[in-house]
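Worksheet for the structure shown next.
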There are 2 protein chains.
Amino acid sequence: MPEASTAKGRATRARIVEGAAEVLREQGVAFTTLDDIRDRTRTSKSQLFHYFPGGKDELLLAVAEFEAGRVLEDQQPHLDCLDSWESWYRWRDAVVERYELQNDQCPLGSLFLQVGRSEPGARAIVAELMRQWQERIADGIRTLRARELIPASVDVDRSAAALLAGVQGGVSIMMSTGSSAHLKAALDTGIEQLRSAKAVAERS
Amino acid sequence: MPEASTAKGRATRARIVEGAAEVLREQGVAFTTLDDIRDRTRTSKSQLFHYFPGGKDELLLAVAEFEAGRVLEDQQPHLDCLDSWESWYRWRDAVVERYELQNDQCPLGSLFLQVGRSEPGARAIVAELMRQWQERIADGIRTLRARELIPASVDVDRSAAALLAGVQGGVSIMMSTGSSAHLKAALDTGIEQLRSAKAVAERS
DNA sequence: CCAGGACTGGACTTGCCGGTCCACTTTCAT
DNA sequence: ATGAAAGTGGACCGGCAAGTCCAGTCCTGG
């Protein structure tokens, strides 16, 4: 993978990835051709193959990486300070809003399915995103525990895993139904479970 | 959509759908051609188009319907009697086992992404499956409430929605990571939340 | 037994789309 | 300034897979 060595080249490469991401979100991987991407990014076939010698697969992989980065970036500010119940609800709102905006397109999900089997790289990208995301949530839960908002008995990693699963499921259900009800339900019950953990612990 | 009018015809149609489902699970929609399906089902192009005049899309839709049916069928016995904590854990085990077996293939997910945008029918199938599935879970929760294992204050529909979201997310994460940890975490914390609801209610 | 429709086989067409090629222009180091 | 390397444009190729066609064969009812 020959990295572009001039400023112009790097700009073109970036333009391709971002433009491709747009088109892919709009049309879905299955219905997007290199020509669509070429049109959108005002480039030519040779440029596409110049920057991505591995062809479409390599380009899709780059887009997947790009999109994966954005997922966390968008939540960064909220994920960074999950230290009070209010902050957890702010995060909740941010997640819901983010996915409501890009109504029924989960760029990563579809990208993964397209490249998935052939490229182990795609799996790695998604797996790594999940790992980081979950770690951030776990950090937030640990903060709560440090502040004694929840008891020490809470299984941090399992709670984080469950919460993440709820978000993923909420999003994927939203894609077929168009409604964010499940996403909200998952987030709300997940947070409430944490909040109620103290009560449960104290009673026993 | 001319339904086959002879026994032989119906058998062939069924063979096509079931065989196509197999191939699709094995290779993924993106990498499956009509010829693959033709080979597997020992049929010919003309038969494929005879039974599915709408071409590949129509066939994929039929497969989606078939797969959707199986999802609920497989859980039917457990979903039907969610009346004790033990039964909930049996259901949990059944779900985990089911998805661990078909390791990294969510037939519906990928089918949806392929046909999705073009055919509103695909959305409808998935949405309907979700609706029914959630309703079954909600029924189970209502049973618990009727037996006073959980307090009346529990929001049945929201809890069911959250649980379903957790399952969906757990499955989709499993597809990229290969691990069922998230699915288990989501199911376990979901059920535990129900169990602890009584404690929380009594304390307040 | 014999029409007529249901069903089957597979060769053929068609168009799309990933990928290649090469001629050309721009950039930049010396 | 100049030539090599980087970057760009777009015509072209070739294969693949969806979809068509028609010539059959097999049921079924009368």
Side-chain angles (χ1 to χ4, degrees), chain A residues 1-20 23-24 26-64 110-111 114-119 122, chain B residues 1-20 23-24 26-64 110-111 114-119 122:
Chain A
M1 42 209 68
E3 291 306 314
S5 61
T6 87
K8 194 174 179 186
R10 257 168 289 138
T12 302
R13 198 195 132 101
R15 195 173 78 241
I16 292 175
V17 172
E18 285 165 37
V23 183
L24 288 167
E26 285 169 21
Q27 316 187 343
V29 195
F31 307 101
T32 301
T33 72
L34 288 185
D35 284 321
D36 293 333
I37 294 172
R38 198 178 45 62
D39 282 348
R40 177 71 59 107
T41 58
R42 289 181 317 274
T43 50
S44 66
K45 274 284 179 68
S46 70
Q47 296 180 67
L48 259 35
F49 283 87
H50 179 66
Y51 293 107
F52 306 95
K56 198 180 189 183
D57 279 359
E58 190 178 337
L59 173 55
L60 288 180
L61 216 59
V63 172
S110 40
L111 282 171
Q114 179 78 7
V115 194
R117 232 155 291 259
S118 52
E119 287 285 334
Chain B
M1 40 212 65
E3 290 306 314
S5 60
T6 86
K8 194 174 180 186
R10 258 168 288 138
T12 302
R13 198 196 131 102
R15 194 173 78 241
I16 292 175
V17 172
E18 284 164 37
V23 182
L24 288 168
E26 286 169 20
Q27 316 187 344
V29 195
F31 307 101
T32 302
T33 73
L34 288 184
D35 284 321
D36 293 333
I37 295 171
R38 198 177 46 62
D39 282 348
R40 176 72 59 107
T41 59
R42 290 183 316 277
T43 50
S44 66
K45 273 284 179 67
S46 69
Q47 294 179 68
L48 259 36
F49 282 87
H50 179 68
Y51 293 108
F52 306 94
K56 198 180 190 183
D57 280 358
E58 191 179 335
L59 174 54
L60 288 179
L61 216 59
V63 172
S110 40
L111 282 171
Q114 180 77 6
V115 193
R117 234 155 289 258
S118 52
E119 285 286 333

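Note on naming: letters A, B, ... go to the chains in the order of the sequence lines (proteins, then strands), and numbering restarts at 1 for each one. The structure presented is a predicted model; accordingly, all values stated were derived computationally and were not measured.
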side-chain contact (heavy atoms from CB on, under 4.5 Å) between A:E58 and A:Y51, worked out:
CA-CA 9 Å; A:E58 190 178 337; A:Y51 293 107; over 6 Å; no
Does any part of the side chain of A:F31, heavy atoms only, come nearer than 4.5 Å to the side chain of A:D36, both counted from C-beta?
no
Starting the side chain at C-beta, find the nucleotide from C:dG10, D:dA18, D:dG10 nearest to B:S44.
C:dG10
Take the protein atom CZ of B:R42 and the nucleotide atom P of C:dG10, then report the distance between them rounded to whole Å.
13 Å
Counting only side-chain N and O atoms of A:T12, is one of them less than 4.0 Å from OP1 or OP2 of D:dT8?
yes
Out of C:dC22, D:dA18, D:dC21, minimum distance to the side chain of B:L34 belongs to D:dA18
Rounded to the nearest Å, what distance is computed from the NZ atom of residue A:K56 to the P atom of nucleotide C:dT20?
15 Å
In whole angstroms, how far is the C1' atom of D:dC22 from the CD atom of B:Q47?
15 Å
Over how many whole Å does the gap from B:D35 atom CG to D:dG19 atom C1' extend?
11 Å
How many angstroms lie between NE2 in B:H50 and OG1 in B:T12, if you round to the nearest 0.5 Å?
9.0 Å
Side chain of A:S46 (C-beta onward), nearest among D:dG9, C:dG19, C:dG10
D:dG9
Less than 4.0 angstrom between a side-chain N/O of B:Y51 and OP1 or OP2 of C:dT8, yes or no?
yes
Establish whether the base of C:dG18 is bridged to the side chain of A:K45 by a donor-acceptor pair shorter than 3.5 Å.
yes
B:H50 has an atom NE2; how far is it from atom P of C:dC7, in whole Å?
5 Å
Rounded distance (Å) that lies between atom C1' of D:dA18 and atom CZ of B:F52:
16 Å
Could you state the atom-to-atom distance from CG of B:D39 to P of D:dA18 in whole Å?
12 Å
At less than 3.5 Å, do the side-chain atoms of A:K8 and the base atoms of D:dG7 form a donor-acceptor pair?
no
Would you kindly give the CG-to-C1' distance between B:L48 and D:dA17, to the nearest whole Å?
13 Å
Output the distance between atom CG (A:L24) and atom CZ (A:R40), rounded to the nearest 0.5 Å.
10.0 Å
Give, for atom NZ of B:K56 and atom CG of B:L48, the distance between the pair rounded to the nearest 0.5 Å.
10.5 Å
If you look at every strand shown and take non-hydrogen atoms under 4.0 Å, does B:T33 touch a base, only sugar-phosphate, or nothing?
sugar-phosphate
